[in-house]
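This one's a predicted model, so the numbers in the text were calculated from it and none came from an experiment. Just so it is clear: chains get the letters A, B, ... in the order the sequence lines come, proteins before strands, and each one is counted from 1. Heavy-atom basis, side chains included; hydrogens, waters and symmetry copies ignored.
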Amino acid sequence: MPQTGADLKHRTDSPAWSRQRRLWLALSTLWLQVIVVLFVIVGIARLRTPPSGWFRKLLALLSIN
Amino acid sequence: MIALQTVEVLAAVCMSILYALAVAGYGWLGLRLMVNPSDRVVIHSRVGRLGLLWLSFVFGQGILGSLWLGVAGAALLMPSVVFGVCAVGWLLFACQIVTISQELFRGSAPSPSILSILFHCGSWYSWIAVCITAVTLLWGFIVLLPPDNYDAAVWYLTSAKLIAVTHKIELQPFIMPHAALYPLQVETHWAALFTITTETAVTVWDYLCAFSFLSGIGFLAWSLTDSRRVALLAITMMFTSSGFYNLAGAGKTDIAAAQYGIAAFLWLTIRPVLGRAATVHAGLCAGWAMAARYTNFILLPALFVPIIVAAYRSLSVPTTRPPKPATRFVLSESLVLGFAASVVLMPMLLKNWLLVGSPLAPLLGDTQAFWFYSEDRQNITPLDLAFYPFVWTFKYLDDSFGNISPLFLGCLPLFLLYRADRLPRLTSLAAVGGVVSLLSWLAIKPLILYTRWLLIPLGLLTIPLSAGLVAADSDRSGSRGSRLLIRSSVAIACLFLLFESRAALYGARYLLSLDTRDAKYASVRGSGYDVIAWLNANVGAGERVVLSNWRAYRYLLNPDILLNSESSQELQWLSDNAERLSRPEQWRYYAQQSFSYMIVSREEGRFLPSLATPELGIRLVYAGTNDSVLKLEPK
């Protein structure tokens with residue numbers, strides 16, 4: 001039988017739907033976090049000079065000569 | 001006492017800003033002539049006063065770019081002409097300011113602006129706005145540095161500088177592939193700036209165009225959703241893409257070209273209230289986008305999306321007049337759009353036809369001609385294609401100059417989860433447009449993935465994805481943990497962007513004259529600066545240098561050296577006889593053509609002098625880090 005708007009509203013208001021949606025939201029936000037953190041790790045790993053070297057460079061740069 | 005370098009840099013920054021005002025002045029005139037006052041009120045109500053200014057700025061770029069093309073085509077790109085045109089633009093801009101002030105004085109309703117988009121979004125969003133503003137300022141320092149993007153220093157800037165030096169557009173045989181044959185809508189602005197000021201003005205102008213591109217995304221997002229939060233996050237998403245920020249102010253044409261694409265789409269989103277005038281403007285912007293980069297043709301299929309949607313919506317709106325059949329509507333709008341686009345694209349094709357007889361040179365035309373260029377630029381594998389979004393986000397792509405923001409891939413599930421909510425639904429036009437545009441590229445060149453060629457679909461896709469993010473963040477049924485993860489992810493992306501802006505320190509040092517231009521280029525690997533410096537210092541007036549396919553920063557060579565290098569006829573002769581000529585025969589030909597110097601690799605520089613013949617002496621005169629200079633001495 002085709003679903004009516006009322007059926008759909010009833011389904012989306014149900015606690016089961018709400019639980020499912022919360023679960024998907026949690027998984028989606030976790031996914032977002034993992035992707036962003038991975039991106040930062042890859043970005044730092046790609047730096048031409050390692051962070052320690054970069055930090056040394058920064059210190060040298062700040063002592064303007 | 002202020003150092004000369006500091007004065008020059010500051011003067012160039014001022015000149016660039018003044019140039020931008022002149023551009024906005026011409027755009028404002030164009031809008032006044034083509035859009036009637038009541039329609040301007042409509043645009044104003046949709047995108048605000050600054051949105052109108054932005055549309056003027058982009059429109060002005062289109063008008064002036066086409067004008068410079070004509071001026072340079074007629075060999076008239078002189079400082080006096082550029083200053084004259086700019087002076088008129090400043091007058092027009094002053095008129096615009098007076099008109100806007102009068103509107104304010106009359107007490108017209110104040111409209112939201114980009115600043116309000118940024119700073120009135122609620123506390124967390126305000127912090128993001130502060131971070132984006134800080135990064136924008138930092139990039140303002142970075143672009144003060146002399147340009148060191150490889151493509152820019154080998155081709156794009158060289159071409160623009162030589163147009164300025166010679167005051168005209170020529171084939172420029174000394175740049176391979178022949179940049180003058182590419183669409184020059186963006187470079188003509190650079191040439192105009194080179195005519196009246198220095199390279200810093202060009203990079204600052206490019207930075208202003210990048211800022212304008214971001215603003216355009218913000219205005220489009222705002223026009224579609226009325227949500228400042230979506231606009232702000234869309235801007236953030238684009239800004240955190242390394243494929244964008246690596247090119248902002250770098251002297252490459254892609255971002256400036258993409259502005260037109262976003263403007264075209266914005267015009268079409270206000271088409272239902274503005275009518276055909278919007279279609280004409282969208283067509284002009286689409287034409288300029290392609291006149292700046294042929295790859296922007298992928299915008300065209302995306303532009304059909306708002307037209308088709310408008311056609312079907314008009315059917316459902318009850319009117320007293322019988323509705324036009326949808327297909328007729330789509331056809332007539334497409335014709336208007338196509339005609340407007342071809343009007344502004346045509347001069348670029350005409351330029352190529354006049355230069356080499358092939359409108360689509362160097363990509364299509366006589367395959368035997370020396371200017372014909374064909375290169376397989378595939379940079380991903382079929383397996384990469386299966387993981388396209390991951391590859392685009394994480395993989396180091398040759399020659400791509402950067403990836404996309406992790407927020408694109410990260411926000412996709414959120415958009416899918418909240419697709420039925422109000423905000424994501426409002427952005428469906430941009431979502432479908434972005435996907436259609438991307439699919440058009442994939443259908444044609446699936447194994448070529450350059451972020452810079454796909455900035456228009458990316459700009460469109462930031463909007464629905466940001467809407468999904470805002471919808472998830474505003475979902476009160478979600479847990480605090482989810483909200484924390486969303487906000488921390490955006491914050492991490494912003495902090496990484498801040499970290500990536502560390503070169504601002506070098507920009508500040510350059511502005512303060514603590515670092516010099518020479519030292520900067522000497523430290524760039526692969527620039528060939530040592531050889532360039534030697535040539536600039538030692539090649540006498542009228543002496544000729546064989547540049548051949550030397551891939552160094554030609555932009556740094558004295559213009560005279562470039563102009564005296566191989567001519568079109570010589571290159572054609574060499575191309576025709578390449579297979580039958582031995583290297584000593586090639587050298588003999590060069591000597592006959594009065595060339596004095598030849599650049600070879602360092603290894604070749606060691607043994608080639610031993611191959612000298614009784615008729616032709618070859619002497620090593622300079623050995624650089626990667627390349628050497630040989631002197632040809634006919635006896």
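- Listed by chain and number, the residues in a side chain to side chain contact (heavy atoms under 4.5 Å, CB included) with B/Phe387 are B/Leu383, B/Phe390, B/Val391 (sequence neighbours excluded).
- The line from CZ of B/Phe415 to OG of A/Ser28 is 13.0 Å long, rounded to the nearest 0.5 Å.
- Side-chain contact between B/Phe496 and A/Ile44 is present, with at least one heavy-atom pair separated by less than 4.5 Å.
- With a 4.5 Å cut-off on non-hydrogen atoms, B/Leu497 does not touch chain A at all.
- Put simply, of A/Val37, A/Leu27, A/Leu30, A/Leu32, the one with the most heavy-atom pairs under 4.5 Å next to chain B is A/Leu32.
- Here the shortest heavy-atom pairing between B/Ser482 and A/Thr29 reads O-CG2, 3.6 Å.
- Using modelled atom types, one side-chain atom of A/Trp31 and one backbone atom of B/Leu409 make a donor-acceptor pair closer than 3.5 Å.
- Within the 4.5 angstrom heavy-atom criterion, no atom of B/Leu412 approaches chain A.
- The aromatic rings of B/Phe394 and A/Phe39 sit tilted, their planes meeting at an angle between 30° and 60°.
- In B/Phe141, the CZ atom is not crowded: 12 or fewer heavy atoms of neighbouring residues, nucleotides or ligands sit closer than 6.0 Å.
- For B/Ile2, the CD1 atom sits in a loose shell: 12 or fewer heavy atoms of surrounding residues, nucleotides or ligands are nearer than 6.0 Å.
- Contacts of A/Val40 with chain B are made by both backbone and side-chain atoms, with heavy-atom separations under 4.5 Å.
- Counting heavy atoms from C-beta outward, A/Arg21 and B/Asp475 have side chains that approach closer than 4.5 Å.
- Residues of residues 487-494 of chain B that come within less than 4.5 angstrom of chain A, heavy atom to heavy atom, are B/Ser488, B/Ser489, B/Ile492, B/Ala493 in numerical order.
- Summarising the geometry, atom CG belonging to B/Leu414 is positioned 12.0 Å from atom CH2 belonging to A/Trp24; distances are rounded to the nearest 0.5 Å.
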